[in-house]
Each structure stands twice: as structure tokens, then as C-alpha cells.
Amino acid sequence: MWNRRELLQGGAALSALASLGLGRTAWAQLNGNAGIISGFPAGGMGDNVARPVAERLRGRYATSLVVEARTGAGGRIAVEYVKRAAPDGLTILQIPSSPMTLYPHTYKKLNYDPLTDFAPVCSTVTYAFSFTAGPGLPVEVKTVADYVAWARANPKLATYGVPAAGSALHFAGMMLQKAAGIEMSAIPYRGGAPLLNDVMGGQVPVSFNVIGEVMPHVRSGKLRSLAITSAERSPFLPEVPTMVEQGYKDIAVQEWLGWFLPARTPPDLVLKLNALVGEALQAPDLVAALATHGLQPVHQSPQEFARLVKAGFDKWAPIVRATGFTAED
């Protein structure tokens with residue numbers, strides 16, 4: 001959850017606002033209606049973050065604050081929309097890391113540059129993936145090593161489901177295939193819900209899922225998680241070892257959800273929004289609510305968030321080259 005360093009960063013942002021004449025009691029809200037633009041449908045993971053945070057910012061950051069879904073193209077439509085928006089602080093992009101760090105290496109052409117077309121505000125949450133087995137995989141397969149042995153013995157059955165082609169979850173599967181030297185065939189779905197239905201129904205033996213989607217089913221015993229893809233064990237499924245622990249040191253993949261403003265937004269607005277989001281993420285009831293979805297709050301300064309974006313951008317480049325994958329529009 002929040003560590004001492006992150007709390008200090010939030011305090012530093014609040015102090016910086018005060019030095020700009022935007023102290024907590026004197027913050028002037030923006031006139032007009034602000035929108036948090038999400039690239040994915042309402043009711044999903046993004047809503048679990050955007051809506052409760054918006055409630056805490058409404059009347060403080062802007063006169064009103066609404067969450068608006070602009071879906072399609074794996075989140076790219078929302079990104080392009082915010083890129084074109086006026087840099088007045090009223091149009092906020094909420095987006096997972098992949099459109100900003102992975103897509104630039106998988107699509108031959110993007111209509112945005114994640115490193116120059118936006119002002120990074122802050123990260124909000126981070127979340128890991130689960131390498132999940134359902135009833136379509138023999139019950140004796142309990143570890144990644146077991147799965148690799150099974151896949152070698154049953155290459156025609158070694159399929160795995162992912163919620164979208166070219167997603168970070170898809171790349172986690174390609175990385176396992178390459179590292180283990182086995183043949184695995186990806187089956188892309190249109191979202192996590194239909195994928196989860198087929199895994200639970202046994203139509204697909206294994207899948208890579210956002211941990212929050214499978215967490216209740218793993219706890220109930222309907223599904224089993226063979227591994228978690230984060231560098232360290234998840235606090236939500238602490239009994240499940242990571243890919244790293246099981247010998248795959250390069251498969252340390254997790255995503256963040258972040259907020260951006262259009263490039264050339266005044267720095268004081270970026271800092272103000274950062275501080276208000278950081279304050280919201282400290283609310284115990286919000287932290288508890290996020291935990292039910294497998295989401296960990298993580299708040300950084302705009303400068304540190306910019307470095308996180310660049311680090312992810314640089315990390316994915318050689319991984320994508322090694323797979324030879326190219327996304328299709």
C-alpha cells in the first residue's frame with residue numbers, strides 16, 4: 001500500500017502548492033466542467049479508481065468533475081482525444097500503462113507521442129497479473145514447472161487466453177513461451193469477462209488475467225493461480241509464488257493506472273491535481289475499496305511519474321523486438 005516515502009511525496013506536493021499561493025485553504029477551483037477521460041468501458045477497473053477519486057475532487061479541483069468513457073482501439077481513442085484537448089486542466093486522461101509504454105513499440109504508427117504530447121500528473125494504482133488455471137488443465141498441474149512439462153507433452157492443447165491481443169498480458173505469455181522453450185498458442189478475447197467465463201468453463205486451460213478479476217475465484221478454489229507476474233508476491237494472494245521465484249527472472253510484469261493532462265498545461269495545475277489525487281488516495285475507505293479489486297494505491301510526484309513512464313517505454317522496446325510481434329489496427 002502506501003509507504004512512508006510516498007506519503008512524504010504527497011506532503012511535499014501540498015507544500016509546493018502552498019508556496020505557489022495554492023495552499024489547501026486557498027485553492028481556487030477551476031471554472032467549468034472537468035472530465036476524466038477513460039479509454040475503457042464504464043464498470044471496469046478504471047471506474048473503480050476514477051469515480052471515487054472524482055467524488056473527492058469535485059468542487060475542489062473544478063466546479064464539477066465527471067468520468068467519461070471514450071472507448072475503442074485499446075484505449076488509443078481516449079489518448080488521442082486528450083492530446084487534442086485545450087491545456088486548461090479540464091480534460092484529464094486516465095489510462096493504463098500499455099498505451100503509453102507498450103503500444104509505441106507494437107504499432108507501426110501512433111497518432112500520439114506518449115513522451116511529448118502529455119503532461120504526466122501521477123500514477124494512481126498498480127496491479128499485477130495472474131497466470132491462472134481452470135478446470136481445463138489437469139488438477140495435478142500446480143506450478144509453472146508443472147505447466148511447462150504438461151505443455152511439452154501436449155503441444156496441441158497448450159493454448160492460453162488473454163483479454164486482448166498485444167496487451168501486456170499477451171506479452172507475459174509470449175515471454176514465458178520464449179523463456180521455457182515451449183509452443184503456446186494465444187487466444188485473444190475482447191475483454192477480461194468473456195475470457196474468465198471460458199477459463200472457468202474449461203474451454204481454455206490457462207490464461208493471463210488482471211489479478212482482481214480472478215482473486216475471488218482463486219480464493220474459493222474454482223480457479224488456481226500458478227504464478228503472479230509482479231516482482232514480489234501480491235498482498236492479495238500472498239500464497240502464490242511469482243514467476244521470478246519459479247525461475248523466470250525476466251517475467252516481472254505489472255501495470256499502473258495513471259493520469260495525464262495535455263502538453264503545455266500550466267505546471268501549477270499539474271501540481272494541484274497531483275496533490276489532490278494523492279490526498280484522495282490516502283482515504284482509508286478508498287484504500288480498502290481498491291484492495292477488493294486487487295489494486296494498490298501508488299502516488300508519485302509528476303517528475304517521478306514521468307520517469308516511470310520513460311522507464312516502461314524503454315523496458316518494452318527490446319521485449320517487443322524479441323517477439324517480433326506487430327499489432328494490427
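All of these numbers come straight from a predicted model, not from anything done at the bench. In this chain, residues are counted from 1 in sequence order.
The shortest distance between side-chain heavy atoms of Leu137 and Arg224 falls below 4.5 Å. Residues Glu328 and Tyr107 form no side-chain contact, since every pair of their non-hydrogen atoms from C-beta on lies 4.5 Å or further apart. Side chains of Lys315 and Thr101 form no contact here, defined as non-hydrogen atoms less than 4.5 Å apart. Side-chain contact between Val79 and Ile37: absent, with no pair of heavy atoms (C-beta onward) separated by less than 4.5 Å. Taking the side chain as every heavy atom from C-beta outward, Met45 and Leu295 approach each other to under 4.5 Å. Side-chain contact between Leu176 and Phe131: present, with at least one pair of heavy atoms (C-beta onward) separated by less than 4.5 Å. Side chains of Thr143 and Val148 form no contact here, defined as non-hydrogen atoms less than 4.5 Å apart. Residues Tyr127 and Ser230 are not in side-chain contact: their nearest non-hydrogen atoms beyond the backbone lie 4.5 Å or more apart.
In this structure, CG on Leu223 lies 5.0 Å from CE on Met200, to the nearest 0.5 angstrom. Between the CG atom of Leu65 and the CG atom of Leu90 there is a distance of 9.5 Å, given to the nearest 0.5 Å. Of the inter-residue distances, the one linking Arg58 atom CZ with Asn33 atom CG reads 10.0 Å to the nearest 0.5 angstrom. Rounded to the nearest 0.5 Å, atoms CG (Asn274) and NE2 (His299) are 3.5 Å apart. Here His217 contributes atom NE2 and Ser225 contributes atom OG; the two are 13.0 Å apart, rounded to the nearest 0.5 Å. Distance check: Leu169 CG to Thr229 OG1 gives 7.5 Å after rounding to the nearest 0.5 Å.
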Derivation of the side chain to side chain contact (heavy atoms under 4.5 Å, CB included) call for Ile92 and Val121: CA-CA 9 Å; Ile92 305 162; Val121 177; 5.8 Å; no
Working for side chain to side chain contact (heavy atoms under 4.5 Å, CB included), residues Val218 and Leu237: CA-CA 9 Å; Val218 171; Leu237 292 174; 4.0 Å; yes
Check against side chain to side chain contact (heavy atoms under 4.5 Å, CB included), Val298 and Thr124: CA-CA 5 Å; Val298 54; Thr124 56; over 6 Å; no
Side chain to side chain contact (heavy atoms under 4.5 Å, CB included) between Phe118 and Val82, intermediate numbers included: CA-CA 8 Å; Phe118 303 92; Val82 176; 4.3 Å; yes
CA sep, side-chain torsions, deciding dist, call: Asn209, Ser130, side-chain hydrogen bond (donor to acceptor under 3.5 Å, both in side chains): CA-CA 5 Å; Asn209 311 83; Ser130 166; 5.3 Å; no
Test log, rule ring pair (Phe, Tyr, Trp, His ring centres under 6.0 Å), inputs His105 and Phe313: CA-CA 8 Å; His105 308 296; Phe313 182 95; 4.6 Å; yes
Verdict with supporting geometry, Glu255 and Ser97, side-chain hydrogen bond (donor to acceptor under 3.5 Å, both in side chains): CA-CA 6 Å; Glu255 286 204 303; Ser97 51; 3.2 Å; yes
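Using cut-offs of 30° and 60° for the angle between ring planes, the Tyr147 and Trp150 rings count as tilted.
Taking a cutoff of 4.0 Å between a charged side-chain nitrogen and a carboxylate oxygen, Glu279 and Arg60 qualify as a salt bridge. A salt bridge does not link Glu183 to Lys156: none of the charged nitrogens lies less than 4.0 Å from a carboxylate oxygen. Salt-bridge formation is not detected for the pair Lys83/Glu80: no Lys NZ or Arg NE/NH1/NH2 atom is positioned less than 4.0 Å from an Asp or Glu carboxylate oxygen. By the 4.0 Å N-to-carboxylate-O rule, Asp314 lies close enough to Lys310 to be salt-bridged with it. Under a 4.0 Å N-O distance rule, the pair Lys142/Asp146 does not qualify as a salt bridge. Between Arg70 and Glu68 there is a salt bridge, since at least one side-chain N of the basic residue sits less than 4.0 Å from a carboxylate O of the acidic one. Salt bridge status for Arg56 with Asp285: present, with a side-chain N to carboxylate O gap under 4.0 Å.
Between the side chain of Ser123 and the backbone N or O of Val125, no donor-acceptor pair lies under 3.5 Å. In this structure, Gln246 contributes its side chain and Leu226 its backbone to a donor-acceptor pair below 3.5 Å.
If you check the side chains of Thr126 and Gln254, you find a donor sitting under 3.5 Å from an acceptor.
Side-chain rings of Trp316 and Phe171 approach one another, their centers coming within less than 6.0 Å. Checked against the 6.0 Å centroid threshold, Phe129 and Phe208 do not count as a close aromatic pair. Aromatic rings from Phe305 and Trp256 are positioned such that their centres are separated by under 6.0 Å.
Tracing side-chain contacts under 4.5 Å through hydrophobic residues (I, L, V, M, F, W, Y), one never reaches Met175 starting from Val244; they form parts of separate clusters. Put simply, Val66 and Phe40 are part of two different groups of oily side chains (I, L, V, M, F, W, Y) that touch within less than 4.5 Å, one to the next. Grouping the Ile, Leu, Val, Met, Phe, Trp and Tyr side chains by contacts below 4.5 angstrom, directly or via other members, places Ile77 apart from Ile95. Connection of Met243 to Met184 is established within a shared hydrophobic cluster, with ILVMFWY side chains joined at heavy-atom distances below 4.5 Å, either directly or through further cluster members.
Heavy-atom contacts from other residues, nucleotides or ligands closer than 6.0 Å to CZ of Arg219 number more than 12. The local environment of CD in Glu140 is crowded, with over 12 non-hydrogen atoms from other residues, nucleotides or ligands closer than 6.0 Å.
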Which donor-acceptor pairs under 3.5 Å do the side chains of residues 158-167 make with protein atoms, sequence neighbours left out?
residue, atom, partner, partner atom, Å
Ser167, OG, Ala164, O, 2.8
Ser167, OG, His170, N, 3.2

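For the ring-ring contact (aromatic ring centres under 6.0 Å, His included) condition, no pair includes a residue of residues 53-82, sequence neighbours left out.
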